[in-house]
Amino acid sequence: MKVEVDPKTGVLQREGIAHKLNPYDLFALETALRLKEAIGARLTVISMGPQQAMSVIREAYWMGVDAGVLLSDRRFGGADVLATAYTLAQGIQTLAAADLVLCGKQTTDGDTAQVGPELAHWLGMPNLCNVVEIKAGEQDAEVKIDLNQIIQTVRIKYPCLLSVEKDIYVPRLPSYRLKKATAPRTVKVLTLDDLEDRDARHYGLTGSATQVERIFPPQAEGEHQILRDNGHNLAVAAMEKLRQHKLL
């Protein structure tokens, strides 16, 4: 998929582009669905983006989510991780109080892994990252977190926010039965005017603590060379090419 970038603002041009669930968020979604099946819960998904992003919320319906909210307003556009987290927090605060907020580890575009912890800050919740297992109780949860060298077990009280690692569970496929059953279900759309803080300076580009100095799409290199020979000669030729390009 080819993505265009606005050369002046450095913002991705999202209009007309098909949207899909962020792969890391699929693991958080599957975790939430399993907790619902184990202990009972009402699940609401929330996302920020243009109207096209409504399709990913409907896909979450097809997996078993109860309700969805889309924060969609041009004044939210161009947000960095801090402004994104603030906007999501404002959206969450318009809903019923949540005992547990689950996030994917990171997105596949920014890859910062910062929105989860920053969202917890704006919500005033304790949070844990790199979560690989959750055992939910009535008042708290026993959580295992991957600290690279060791797995640490932590007990955390509700309300809290957890950012889950990939492969905590294998995400399920959307259900055709649920797709048909949830077809009439609507997605709640919130704009800046629906939030408690309506100061546009706190959102989007103006509310961002960081600014993109320069961004550009990668240039596709179409030049290639095909070599045909025996294994030994091909290996020698490959080594020579690597030396020519100073990769060895």
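If you're wondering where the values come from, they're calculated on a predicted model, not measured in any experiment.
Between V101 and L162 the shortest side-chain heavy-atom distance does not fall below 4.5 Å. Between M125 and K157 the shortest side-chain heavy-atom distance does not fall below 4.5 Å. Looking at heavy atoms from C-beta onward, I168 lies out of side-chain contact with E133 at the 4.5 angstrom threshold. Between S163 and K105, every side-chain heavy-atom pair lies at or beyond the 4.5 Å cut-off. With contacts defined as side-chain heavy-atom distances shorter than 4.5 Å, the pair V45/D25 does not qualify. The shortest distance between side-chain heavy atoms of L161 and C103 falls below 4.5 Å.
N233 places no side-chain N or O within donor-acceptor distance of the main-chain N or O of N230, the cut-off being under 3.5 Å. Using a distance-only test at 3.5 Å, with no hydrogens or angles considered, a donor-acceptor pair links the side chain of T206 to the main chain of A200. A distance-only check finds a donor-acceptor pair linking the side chain of S72 to the backbone of G49 [under 3.5 Å].
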The test is side chain to side chain contact (heavy atoms under 4.5 Å, CB included); show your working for T44 and V69 and say whether it passes. CA-CA 7 Å; T44 300; V69 176; 4.1 Å; yes

Does the pair Q152 and K144 meet the rule for a side chain to side chain contact (heavy atoms under 4.5 Å, CB included), with working shown? CA-CA 6 Å; Q152 184 177 24; K144 291 185 178 179; over 6 Å; no

Assess the residue pair K188 and L70 against the criterion (side chain to side chain contact (heavy atoms under 4.5 Å, CB included)); give the C-alpha distance rounded to whole Å, side-chain angles, the decisive distance to 0.1 Å, and a yes or no. CA-CA 6 Å; K188 185 177 182 179; L70 177 63; over 6 Å; no

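Taking a cutoff of 4.0 Å between a charged side-chain nitrogen and a carboxylate oxygen, K166 and E30 do not qualify as a salt bridge. A salt bridge links D66 to K36: at least one charged side-chain nitrogen sits closer than 4.0 Å to a carboxylate oxygen.
In summary, the side chains of N130 and E165 do present a donor paired with an acceptor at a separation below 3.5 Å, with no hydrogens or angles considered. Of the N and O atoms on the side chains of N22 and T107, not one donor lies less than 3.5 Å from an acceptor on the other residue.
Follow the hydrophobic side-chain contacts under 4.5 Å out from V132 and you never reach L100; the two are in separate clusters. Following chains of ILVMFWY side-chain contacts shorter than 4.5 Å, one cannot reach I156 starting from I151, and the two form parts of different hydrophobic clusters.
Both tests do not hold together for R75 against Y203: distance to the six-membered ring centre under 6.0 Å, angle to the ring axis within 45°.
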